[in-house]
Student: 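Structure incoming, see below.
Residue numbers count from 1 along this sequence. Order of appearance sets the numbers: ligands from 1, and atoms from 1 within every ligand.
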Amino acid sequence: MPHRSGFVALAGRPNVGKSTLLNRLIGAKVAAVSPVPQTTRTVIRGILTRPDAQIVFLDLPGLHAPRHRLGEVMVDAARRALGEVDLVAWVVEAGASPGPEERIAADALRGAPVPILLVVNKVDRATPAAAETTAREAAGLLPVAETVTVSAQTGAGFPVLVERIIARLPEGPAYYPEEMVTDQPEQFLVRELIREQAIHQTRQELPHALAVEIEEFAERDNGVTYVRATLHVEKPSQKKIVVGRGGKRLRAIGAAARAGVEALLGRKVYLDLWVTVTPDWREKPALIRGFHPE
Ligand code: GDP
Ligand code: MG
């Protein structure tokens, strides 16, 4: 059997489970996951290696109608990535009828120069009939090459999904060493883990106004990795929320993020978190890029 390899975009509207799928497919936590839409801001790469194939997944920011510059930057990054892959996996949510949001995603995918594999996710939450209806309605919006039904939560349907993807990849060598699950720099992964915890522990609109900037990432003599990060928010009221009474919430964010970072890096970590008000950063391209280097 020839060895196959290629790049596969996980694309779709926000919150359908693209990042959860990525983490579960590669068996490592490389993408932040949350119930808050638009958690993924940059293209996250995750690598699945088997003896006969290597799939490089690109987890894209959700395709949506942007309301600020940050949103535009995110959607632009997703659109660009669509032109650089061998296959698009269009992820939709089982049991949800495609609404205006799905139409926006479908429109963005229409121009993709590669086949589209429809992935109906979250089947753990829907009946087979409802999943079937979702698949039919989605395919009505945008013609797809084939459909696979999965649950990123339980792993149901994964073997079929992986087989269907590999069958559509070109013949070619592995791009990355087999033990590599991502080529993202450690600092980016740490940034995402801190942001994910901050999102989990704050509410409402705040997560969208939050960016995490890694200021220092250093190996200390005692073997501890020292990480200093600034959490940027847009308003003093948001800073109050993130810091919490007597610094309580910031400490909770730090404790939870540190556990995740240590599990990821496999070594002791000291997290030094700061919160600062950076007004309107979401409207300033230089700050957006500075806080989200790719
Ligand atoms: P993304 O915006 O498409 O990347 O979506 P995320 O991966 O961040 O997931 C959005 C929400 O859906 C999170 O709360 C996930 O835990 C949840 N989720 C993702 N996949 C599944 C699934 O297969 N079943 C269920 N029940 N929830 C899921
Ligand atoms: Mg995501």
Side-chain angles (χ1 to χ4, degrees), residues 8-46 57-67 70-71 73-79 81-82 88-96 98-99 101-102 104-106 108-109 116-128 130-131 134-135 138 147-162 182 184 188-189 191-204 207-208 210-212 256 260 292 294:
V8 177
L10 296 169
R13 70 169 167 84
N15 228 28
V16 290
K18 300 177 293 296
S19 297
T20 310
L21 258 174
L22 176 76
N23 291 336
R24 177 103 192 197
L25 279 163
I26 67 170
K29 170 114 185 150
V30 296
V33 168
S34 98
V36 178
Q38 297 164 38
T39 293
T40 307
R41 289 181 179 163
T42 55
V43 177
I44 310 275
R45 281 176 304 274
F57 289 102
L58 275 60
D59 174 26
L60 307 189
L63 297 161
H64 67 282
R67 290 192 306 269
L70 171 64
V73 170
M74 287 159 55
V75 173
D76 281 352
R79 283 176 184 277
L82 290 173
V88 171
W90 175 24
V91 185
V92 299
E93 191 173 315
E101 282 199 297
E102 206 68 74
I104 290 168
L109 294 176
I116 293 176
L117 175 68
L118 179 64
V119 179
V120 182
N121 185 33
K122 305 197 189 184
V123 277
D124 56 288
R125 291 209 313 208
T127 63
T134 301
T147 301
V148 182
T149 303
V150 302
S151 166
Q153 190 148 297
T154 67
F158 274 35
V160 175
L161 174 62
V162 172
T182 181
Q184 310 287 122
F188 294 9
L189 300 170
R191 171 192 76 195
E192 293 295 289
L193 283 174
I194 296 170
R195 204 162 56 80
E196 183 185 69
Q197 282 310 317
I199 290 171
H200 274 298
Q201 308 208 18
T202 56
R203 262 150 291 133
Q204 298 139 9
H208 300 300
L210 183 82
V212 174
H292 306 87
E294 283 192 58

Student: Could you name the option among P14, G17, S151, S34 that has the heavy atom nearest to atom 11 (C) of ligand 1?
Tutor: S34
Student: Heavy atoms only: give me the nearest G95-T134 pair and the separation to one decimal.
Tutor: N-OG1, 2.8 Å
Student: Tell me which protein heavy atom sits closest to atom 16 (O) of ligand 1, plus the residue, atom name and distance to 0.1 Å.
Tutor: V33 CG1, 4.0 Å
Student: Compare all side-chain heavy atoms of P61 with those of R41 and state whether any distance is below 4.5 angstrom.
Tutor: no
Student: If every non-hydrogen atom of N121 is compared with every non-hydrogen atom of G17, which pair is closest and at what distance?
Tutor: ND2-CA, 3.7 Å
Student: Do you know which two heavy atoms are closest between A11 and L60, and how far apart they sit?
Tutor: CB-CD1, 4.0 Å
Student: Is R191 salt-bridged to E196, cutoff N-O under 4.0 Å?
Tutor: no
Student: On a heavy-atom basis, which atom in L109 and which in I116 lie closest, and how many Å separate them?
Tutor: O-CD1, 3.8 Å
Student: Which angle, to the nearest 10 degrees, do you find at the Mg ion (ligand 2) between OG in S19 and OG1 in T40?
Tutor: 80°
Student: Regarding atom 18 (N) of ligand 1: of the candidates E93, H64, K122, which has the closest heavy atom?
Tutor: K122
Student: Quick one: look up the protein heavy atom nearest atom 24 (N) of ligand 1 and list residue, atom name and how far away it is.
Tutor: D124 OD1, 2.7 Å
Student: Looking at R125, which atoms of ligand 1 are within less than 4.0 Å of one of its heavy atoms?
Tutor: 26 (N)
Student: For ligand 1, which atoms have a heavy atom of T20 less than 4.0 angstrom away?
Tutor: 6 (P), 7 (O), 9 (O), 15 (C), 19 (C), 20 (N)
Student: Heavy-atom contacts with Q153 under 4.0 Å: which atoms of ligand 1 show up? List them by number with element.
Tutor: 22 (C), 23 (O), 24 (N), 25 (C), 26 (N), 27 (N), 28 (C)
Student: Please could you name the atoms of ligand 1 that N121 approaches to less than 4.0 Å, counting only its heavy atoms?
Tutor: 20 (N), 21 (C), 23 (O)
Student: State whether the side chain of T182 and the backbone N or O of R45 hold a donor-acceptor pair below 3.5 Å, judged by distance alone.
Tutor: yes
Student: What protein heavy atom lies closest to atom 23 (O) of ligand 1? Include the residue and the distance to one decimal.
Tutor: A152 N, 2.9 Å
Student: For ligand 1, is any non-hydrogen atom under 4.0 Å from N15's backbone (N, CA, C, O), its side chain (CB onward), both, or neither?
Tutor: both
Student: What's the spacing between S19 OG and L10 CG if we round to 0.5 Å?
Tutor: 8.0 Å
Student: What I want to know is whether K18 and ligand 1 share at least one N or O pair that is separated by under 3.5 angstrom.
Tutor: yes
Student: With the threshold set at under 4.0 angstrom, would you say T39 reaches ligand 1 through any of its heavy atoms?
Tutor: no
Student: When you compare the side chain of T39 with that of V33, does any pair of heavy atoms fall below 4.5 Å?
Tutor: no
Student: Any carboxylate oxygen within less than 4.0 angstrom of a Lys/Arg side-chain nitrogen, looking at E93 and R125?
Tutor: yes
Student: So for ligand 1, is V16 a polar contact partner (N or O within less than 3.5 Å, distance only)?
Tutor: yes
Student: Which ligand 1 atoms are under 4.0 Å away from a heavy-atom of S19?
Tutor: 4 (O), 7 (O)
